[in-house]
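Since the structure comes first, as structure tokens, the remarks are kept for the end.
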2 protein chains.
Amino acid sequence: MPPQRRKFTREEPESRRADLIAATLDLMAEAGPAETTVRAIAEAAGLSQGMIRHHFSSKEDLINAAYRAHMASQLEGSERAVAGTTARARLARFVTASLTPPVVDPRALSLWAAFLHMVRRDPAMRATHEENYLAYRDRLEALIAAAFAETGRKAGKAELRRLAIACNAVIDGLWLEGGALPDAFGPGEIETIGRASVAALLDLPLADEETP
Amino acid sequence: MPPQRRKFTREEPESRRADLIAATLDLMAEAGPAETTVRAIAEAAGLSQGMIRHHFSSKEDLINAAYRAHMASQLEGSERAVAGTTARARLARFVTASLTPPVVDPRALSLWAAFLHMVRRDPAMRATHEENYLAYRDRLEALIAAAFAETGRKAGKAELRRLAIACNAVIDGLWLEGGALPDAFGPGEIETIGRASVAALLDLPLADEETP
DNA sequence: CGATGAATTATACGAATGTATATTTGACCG
DNA sequence: CGGTCAAATATACATTCGTATAATTCATCG
């Protein structure tokens, strides 16, 4: 009787890569970077550990791919459903989308912390990070400028910058606190406070979200 | 000729513990948790690696002690120089102190990220964390309430809570961005935006900081 | 000044990690 | 239906980690 080997089915490399990336993000978020070993990743993906280096050139390569996938998903979350008839409505929905799951999520915060040190050190990851970060802030600044223009408000370049930084900060802070202490807020409380805070910072009434 | 052994001087255990804690925080902030090994800590402290388990019961014990020391230092940073003649001045200085080094610092952000996963898992660290976090928010809410009372403003309990959350969020967000991208802001810009934002959120003019 | 003992160094050990290599197996094709 | 080859498993290897233990050395005290 020969020693039994695991049965398996052949899959497209792309599909396996996606599985490994998903398993990496799960572990990174829930167990932390220290527990995210190649063996743990392979087991979480239901594969043998050789698959990491078969589909990726190294563990670091897999981590980088997982980071890119996560960032893309986050950006997509903020961009979702920003449509609206007026600029103020678009701004309001942008804020709401940025403060709603899956953007605000313990998992997202956990991943952000897990990746921070790697982002600091690895130039490729750092580039990905700054790119997405500035894209988000520019998007916010453009929405603010449009809302101002719509209501006839004038704002200098410097003032616009300050307001974008402030709005971005309150959104980031709520994102952070909502992810760190999800039970400390009632349902919808974070989004409500976020919209009200942006309105107060801009001195611009933001219409309540329209039902799509 | 006997094999030469390192020379050393005896120190108070308390002093050695402090050295090891400082080395741990340095490594954690600059190299990340993965590089913070007992050997690296001992080398950074200029000691041999046996000292970790001689002065602490385990590496985890040392990490916990380092975390407590860091949190105490951070809280002290926010509390510094909150004196002032009026409640509004005290609030303004509290905001400023919370957005000035060493509170706002890439190192502090790095440490926060490094400790996040440990805080999630370890009940003792989690208790330390929530204690300090809520102490900070309560302090902010009390300062807001005092500033309102001073100017004759009335605010319900729920409104006070929402405003404290919002102010806390903008401070946290600026803390995060200032630590993540220190070069993206001019000197004093973060504090200025922080004070202006809190003033806008509360609809309460905050006097510029008085010279002490 | 020699004995005492804790502080310190040095070394060793088992477990776990990332990587490398060898072997097997499933699916497609002529 | 047998051959082919990449996908997949299994195993081995060197390194590093936290921990444990043995061997020294500095400082204090009678």
Side-chain angles (χ1 to χ4, degrees), chain A residues 1-24 27-28 31-67 114-115 117-118 121-122 125, chain B residues 1-24 27-28 31-67 114-115 117-118 121-122 125:
Chain A
M1 181 180 183
Q4 53 189 1
R5 213 169 224 250
R6 277 177 62 176
K7 298 297 176 192
F8 63 92
T9 59
R10 288 170 87 101
E11 293 290 340
E12 297 286 318
E14 200 177 347
S15 161
R16 289 295 190 220
R17 286 175 58 95
D19 291 345
L20 289 169
I21 286 174
T24 301
L27 274 172
M28 202 76 107
E35 316 282 343
T36 307
T37 66
V38 291
R39 285 165 179 83
I41 294 169
E43 186 186 346
L47 299 171
S48 79
Q49 70 159 302
M51 299 306 283
I52 272 94
R53 284 192 37 86
H54 190 267
H55 290 289
F56 297 89
S57 67
S58 68
K59 181 192 178 184
E60 187 184 349
D61 185 30
L62 167 58
I63 300 286
N64 283 23
Y67 179 66
F115 282 124
H117 292 93
M118 310 178 194
R121 235 164 300 299
D122 185 337
M125 291 181 76
Chain B
M1 182 176 181
Q4 53 189 3
R5 211 171 225 249
R6 278 176 63 176
K7 298 297 175 189
F8 64 93
T9 59
R10 289 168 88 99
E11 294 289 339
E12 296 284 319
E14 200 177 347
S15 162
R16 288 294 191 224
R17 287 175 57 96
D19 291 345
L20 289 170
I21 286 174
T24 301
L27 276 172
M28 203 77 110
E35 316 281 344
T36 307
T37 66
V38 292
R39 285 166 179 81
I41 293 169
E43 186 185 348
L47 299 170
S48 80
Q49 71 158 300
M51 300 305 284
I52 273 95
R53 283 196 31 90
H54 190 265
H55 289 290
F56 296 89
S57 67
S58 69
K59 182 192 178 185
E60 187 185 349
D61 185 29
L62 167 58
I63 301 286
N64 283 22
Y67 179 66
F115 282 124
H117 292 94
M118 309 179 194
R121 237 163 297 301
D122 185 337
M125 291 182 76

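Every chain is numbered from 1, with letters handed out A, B, ... down the list of sequences.
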Expected rows: protein N/O vs nucleotides 26-30 of chain C N/O, under 3.5 Å:
unit_1  : atom_1 : unit_2 : atom_2 : d
dG26(C) : N2     : R10(A) : NH1    : 2.6
dG26(C) : N2     : R10(A) : NH2    : 3.3
dG26(C) : N3     : R10(A) : NH1    : 2.9

Report which part of the nucleic acid H55(A) touches: base, sugar-phosphate, or nothing (heavy-atom distance under 4.0 Å, all strands). sugar-phosphate
Residues which pass side-chain contact (heavy atoms from CB on, under 4.5 Å) with A40(B), listed by chain and number, not counting sequence neighbours: L27(B), T37(B)
Expected output is a numbered-order residue list: members of residues 33-44 of chain A with a heavy atom under 4.0 Å from any atom of DNA chain C. What is it? T37(A), V38(A), R39(A)
Side-chain heavy-atom pair F56(A), I21(A) within 4.5 angstrom cut-off: yes
State which residues pass side-chain contact (heavy atoms from CB on, under 4.5 Å) with A34(B); sequence neighbours excluded, sorted by chain then number. none
What distance separates Y67(B) OH from M28(B) CE, expressed to the nearest 0.5 Å? 11.0 Å
Round to a whole Å and report the spacing from CD1 of I52(B) to P of dC17(D). 12 Å
Please name all residues satisfying side-chain contact (heavy atoms from CB on, under 4.5 Å) with E60(A), sequence neighbours left out, ordered by chain then number. S58(A), N64(A), D122(A)
Report the residues that fulfil side-chain contact (heavy atoms from CB on, under 4.5 Å) with T9(A), sequence neighbours left out, ordered by chain and then residue number. E11(A), R16(A)
Between CG of L27(A) and P of dG18(C) the distance, given in whole Å, is 11 Å
Nearest whole Å is fine: how far is dT19(C) P from E60(A) CD? 9 Å
Could you go through nucleotides 20-22 of chain D and list every protein N or O atom that sits under 3.5 Å from one of its N or O atoms, giving the distance for each pair?
unit_1  : atom_1 : unit_2 : atom_2 : d
dA20(D) : OP2    : R53(B) : NE     : 3.2
dA20(D) : OP2    : R53(B) : NH1    : 3.1
dA20(D) : OP2    : R53(B) : NH2    : 2.2

All side chain to side chain donor-acceptor pair (under 3.5 Å) counterparts of D19(B), not counting sequence neighbours: none
Nearest whole angstrom, please: distance from the P of dA16(C) to the NZ of K59(A). 15 Å
Between CD of E11(B) and P of dT9(C) the distance, given in whole Å, is 11 Å
Rounding to a whole Å, what distance do you find between L47(B):CG and dC26(D):C1'? 15 Å
What is the distance, rounded to the nearest whole Å, between atom CE of M51(A) and atom C1' of dA6(D)? 10 Å
Sorted by chain and residue number, the side chain to side chain donor-acceptor pair (under 3.5 Å) partners of H55(B) (sequence neighbours excluded) come out as none
Find the distance E14(A):CD to dA7(D):C1' and express it as a whole number of Å. 16 Å
Helix axis bend for the helix from dC1(C)-dG30(D) to dG30(C)-dC1(D) - C1'-based end axes, five pairs, 10° rounding: 0°
Could you grab the distance from atom NZ of K59(B) to atom CG of L20(B), nearest 0.5 Å is fine? 13.0 Å
Could you state the interatomic distance from OG1 (T36(B)) to CG (L62(B)), rounded to the nearest 0.5 Å? 10.0 Å
Below 3.5 Å, can you tabulate the donor-acceptor pairs from side chains in residues 42-51 of chain B to any protein atom, sequence neighbours excluded?
none

